[in-house]
Number of protein chains: 2
Amino acid sequence: MVNEAKNNKHYHCPVEATLDVIGGKWKPLILWQLRAEKLRFSGLQQSMQGISPKMLTKQLRELEADGLVLREAYPEIPPRVEYSLTEFGKTVLPVLDALCEWGNGYLGRECVLDKNKDVKTADSISQ
Amino acid sequence: MVNEAKNNKHYHCPVEATLDVIGGKWKPLILWQLRAEKLRFSGLQQSMQGISPKMLTKQLRELEADGLVLREAYPEIPPRVEYSLTEFGKTVLPVLDALCEWGNGYLGRECVLDKNKDVKTADSISQ
DNA sequence: ATACTTAGTAACAAAAAGGATAGTATGAAA
DNA sequence: TTTCATACTATCCTTTTTGTTACTAAGTAT
């Protein structure tokens with residue numbers, strides 16, 4: 001979405017906006033990878049086998065533009081760039097969790113995503 | 001998605017499955033329209049200005065195949081077909097609600113979707 | 001006989017999303 | 001001097017999604 005909602009895009013409903021920001025093939029994965037730790041470009045690339053650098057770059061740029069992800073580039077050679085969730089970015093984790101839980105119910109199997117890391121769950125934030 | 005998860009599609013994570021089932025441009029809207037009432041094809045078409053009959057048909061067929069929506073056709077002329085949420089379909093409403101709420105926060109404005117109808121909210125189901 | 005209604009389908013087109021592969025910049029290490 | 005590492009960018013291409021418009025079936029009302 002790249003923050004277009006705040007510029008010119010108009011949504012019928014906020015769900016559309018949310019899906020624009022966190023939807024698609026890769027963004028949920030990226031956000032999930034970053035939920036508990038900073039990761040470098042190469043680290044992200046490896047944790048999501050199959051994504052091309054072009055795609056990863058594009059998704060990260062959009063997430064950054066939407067304020068969910070922080071990009072920190074260090075002036076070194078070879079380059080080092082670290083990605084992490086912003087505070088705002090962390091607010092989507094419960095939403096992702098809700099999506100994950102429903103998906104588990106739908107698929108009738110366990111969540112592949114590693115839940116052992118310290119993350120708020122739908123239950124822990126729901127009251 | 002049309003239920004492919006249960007056939008051959010494999011997801012990295014359940015979030016992907018969920019987004020396949022309820023994501024896209026129209027499905028959230030359709031599900032929302034059906035949250036409290038049965039609607040005919042023409043009624044759905046009108047409540048979502050802009051959708052073409054082709055798109056609406058396609059989305060409804062997929063939702064039906066995924067078990068979220070029930071289609072009831074009456075043998076009359078002119079034809080009458082009513083669409084409603086199945087019990088399983090109703091289980092996505094809290095998820096939609098979570099997406100809606102986050103979207104509102106993101107957009108900083110009120111939900112366009114009419115919340116005055118009797119629907120479970122994220123709060124009411126969360127404990 | 002003709003028009004009207006509803007729930008679609010058919011055929012075609014455009015746009016968006018996603019993918020594959022090669023190339024760039026830069027300094028340090030060998 | 002050549003190689004290596006990292007974080008990309010550039011091109012080109014395929015697939016998926018979404019849109020547009022016109023058309024059909026079939027009984028009822030006029």
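Chain A is the first sequence line, chain B the second, and so forth, proteins listed ahead of strands; every chain is numbered from 1.
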Contact class for Tyr74(A) vs. all strands (heavy atom < 4.0 Å): base, sugar-phosphate, or nothing? nothing
Once you apply a heavy-atom cut-off of 4.0 Å, does Lys58(A) come out as touching a base, just sugar-phosphate, or nothing? nothing
Using modelled atom types and a 3.5 Å cut-off, is there a donor and acceptor pairing between side-chain atoms of Thr18(B) and backbone atoms of Gly103(A)? yes
For [X] and [Y], which heavy atoms make the closest approach, and how far apart are they?
{"X": "Trp32(A)", "Y": "Arg35(A)", "result": "O-NH1, 2.6 Å"}
{"X": "Val21(A)", "Y": "Leu63(A)", "result": "O-CD2, 3.8 Å"}
{"X": "Gly23(A)", "Y": "Leu19(B)", "result": "CA-CD1, 4.1 Å"}
{"X": "Arg40(B)", "Y": "Tyr83(B)", "result": "C-CD1, 4.5 Å"}

In 5'-to-3' order, the base (B), backbone-only (S) or no-contact (-) status of each nucleotide in nucleotides 22-30 of chain D, using a 4.0 angstrom heavy-atom cut-off, is ----BB---
Contacts of Arg80(B) meeting side chain to side chain donor-acceptor pair (under 3.5 Å) (sequence neighbours excluded), chain-then-number -> Glu76(B), Glu82(B)
So, do [X] and [Y] sit near enough that their side-chain heavy atoms are less than 4.5 Å apart?
{"X": "Met55(B)", "Y": "Trp26(B)", "value": "yes"}
{"X": "Ser84(A)", "Y": "Leu34(A)", "value": "no"}
{"X": "Leu99(A)", "Y": "Leu99(B)", "value": "yes"}
{"X": "Ile30(B)", "Y": "Leu56(B)", "value": "yes"}

Write down the distance between [atom1] ([X]) and [atom2] ([N]), rounded to a whole number of angstrom.
{"X": "Arg61(B)", "N": "dT18(D)", "atom1": "CZ", "atom2": "P", "value": "17 Å"}
{"X": "Met55(A)", "N": "dT9(D)", "atom1": "CE", "atom2": "P", "value": "13 Å"}
{"X": "Leu60(A)", "N": "dT6(D)", "atom1": "CG", "atom2": "P", "value": "17 Å"}
{"X": "Gln59(A)", "N": "dT9(D)", "atom1": "CD", "atom2": "P", "value": "13 Å"}
{"X": "Glu76(A)", "N": "dC8(D)", "atom1": "CD", "atom2": "C1'", "value": "16 Å"}
{"X": "Asp20(B)", "N": "dT17(D)", "atom1": "CG", "atom2": "C1'", "value": "12 Å"}

Test of understanding: with side-chain contact (heavy atoms from CB on, under 4.5 Å), list the residues that count as partners of Pro53(A), not counting sequence neighbours. Phe41(A), Gln45(A)
Neighbours of DNA chain D within residues 39-50 of chain A, by heavy-atom distance under 4.0 Å: Arg40(A), Phe41(A), Ser42(A)
Please assess Glu16(B) against Leu29(A) for the test side-chain contact (heavy atoms from CB on, under 4.5 Å), listing each intermediate value before the final yes or no. CA-CA 9 Å; Glu16(B) 235 181 297; Leu29(A) 277 307; 4.2 Å; yes
Taking a hydrophobic cluster as the set of Ile, Leu, Val, Met, Phe, Trp and Tyr residues connected by side-chain heavy atoms closer than 4.5 Å, whether directly or through intermediates, do Leu70(A) and Tyr106(B) fall within one such cluster? no
Check step by step if side-chain contact (heavy atoms from CB on, under 4.5 Å) holds for Val81(A) and Glu72(A). CA-CA 5 Å; Val81(A) 180; Glu72(A) 298 173 283; over 6 Å; no
Between which nucleotides of DNA chain C, 5' to 3', does chain A make heavy-atom contacts below 4.0 Å? dG18(C) to dG27(C)
Does dC8(D) have OP1 or OP2 sitting under 4.0 Å from an N or O in the side chain of Arg71(A)? yes
Which pairs, protein N/O on one side and nucleotides 11-16 of chain D N/O on the other, fall under 3.5 Å?
none

